[in-house]
Amino acid sequence: QVQLVESGGGSVQAGGSLRLSCATYGNAFNIGCMLWFRQASGKEREGVASIHALGSSNYADSVKGRFTISQDSAKNMLWLQMNSLKPEDTGMYYCAARWAYDCYVGSWTSSRVDFWGQGTQVTVSS
C-alpha cells in the first residue's frame, strides 16, 4: 500500500510560479510511474506530467516548457514546479502512482491509477 500527501498549492497571479510537493509513504520503492493530474471545475480530470521509475518524464502539450516534474532517488518525494502560470492552469492538482512501468502520455487514464493523493488547490488569477 502507498499513501500520497500533496502540499504547496495556493493562489498566484498569472505569470507566477508554484511548486507542488507529494510525500509518499509505504511501499513506494516499487512504483513504476508517478504522475500529476489536475481537474478544473466542471471538467474531467486530466494528466499533466509523469515520471518513470528510471527518470524519464512526459508532459501534456498545454504545460510543456512551463512545468517540470521531478522526484528524489528514494522515491519519497515528488514535485511539480509550475512556472509562467496561466488562469487555465487553475484546478485541483492530484499526485498519483501506479505499479505499472508505462508512463507515456497515452497511458494517462484515471482508471489505471493505483493510488491517489487528496489533492491541492491551485488558483491562478488574471
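A quick note: this is a predicted structure, and the numbers were derived from the prediction, not measured.
To the nearest 0.5 Å, the span separating CD on E88 from OG on S126 amounts to 10.0 Å. In this structure, OG1 on T68 lies 11.0 Å from CZ on R66, to the nearest 0.5 angstrom. Annotation: the span from I31 atom CD1 to T24 atom OG1 amounts to 8.5 Å, rounded to 0.5 Å. Distance check, rounded to the nearest 0.5 Å: OG of S70 to CD of Q81 gives 8.5 Å.
Looking only at side-chain heavy atoms (C-beta outward), R98 and S107 come within less than 4.5 Å of each other. Inter-residue side-chain proximity for M77 and W79 is flagged as met; some heavy-atom pair is nearer than 4.5 Å. In this structure the side chain of F37 reaches within 4.5 angstrom of the side chain of W116, judged on heavy atoms. L20 is not listed as a side-chain neighbour of E6, based on a closest heavy-atom distance of 4.5 Å or more. Put simply, the side chain of T90 reaches to within 4.5 Å of the side chain of Q121, judged on heavy atoms. By the 4.5 Å heavy-atom criterion applied to side chains, R112 and D102 are counted as neighbours. Here the side chains of Q39 and Y93 are not in contact, with every heavy-atom distance at 4.5 Å or above. In this structure, V5 and Q118 have side chains that are in contact, with non-hydrogen atoms separated by less than 4.5 Å.
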Q13 vs V124, side-chain contact (heavy atoms from CB on, under 4.5 Å): CA-CA, chis, key distance, verdict | CA-CA 5 Å; Q13 289 192 328; V124 184; over 6 Å; no
Working for side-chain contact (heavy atoms from CB on, under 4.5 Å), residues L85 and F67 | CA-CA 9 Å; L85 282 161; F67 290 12; 3.8 Å; yes
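The cluster map of Ile, Leu, Val, Met, Phe, Trp and Tyr, joined by side-chain heavy atoms under 4.5 Å apart, puts V2 and L80 in the same cluster. Residues M34 and V113 do not share a hydrophobic cluster, defined by chaining ILVMFWY side chains whose heavy atoms lie under 4.5 Å apart. Using a 4.5 Å cut-off between side-chain heavy atoms of Ile, Leu, Val, Met, Phe, Trp and Tyr, with links allowed through other members, L4 and V122 fall into the same hydrophobic cluster. Connection of I69 to L18 is established within a shared hydrophobic cluster, with ILVMFWY side chains joined at heavy-atom distances below 4.5 Å, either directly or through further cluster members. Clustering ILVMFWY residues whenever any of their side-chain heavy atoms sit less than 4.5 angstrom apart, transitively, puts M82 in the very cluster that holds V12.
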Name the atoms and distances for all side-chain donor-acceptor pairs under 3.5 Å in residues 46-53, with sequence neighbours left out.
unit_1	atom_1	unit_2	atom_2	d
E46	OE2	R38	NE	2.7
E46	OE2	R38	NH2	3.3
S50	OG	C103	O	2.8
S50	OG	W108	NE1	3.2
H52	ND1	L54	N	2.9
H52	NE2	Y101	O	3.0

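A salt bridge does not link K86 with D89: every distance from a Lys NZ or Arg NE/NH1/NH2 to an Asp or Glu carboxylate oxygen is 4.0 Å or more.
Taking the six-membered ring for Trp and the full ring otherwise, the centers of W99 and F115 sit less than 6.0 Å from each other.
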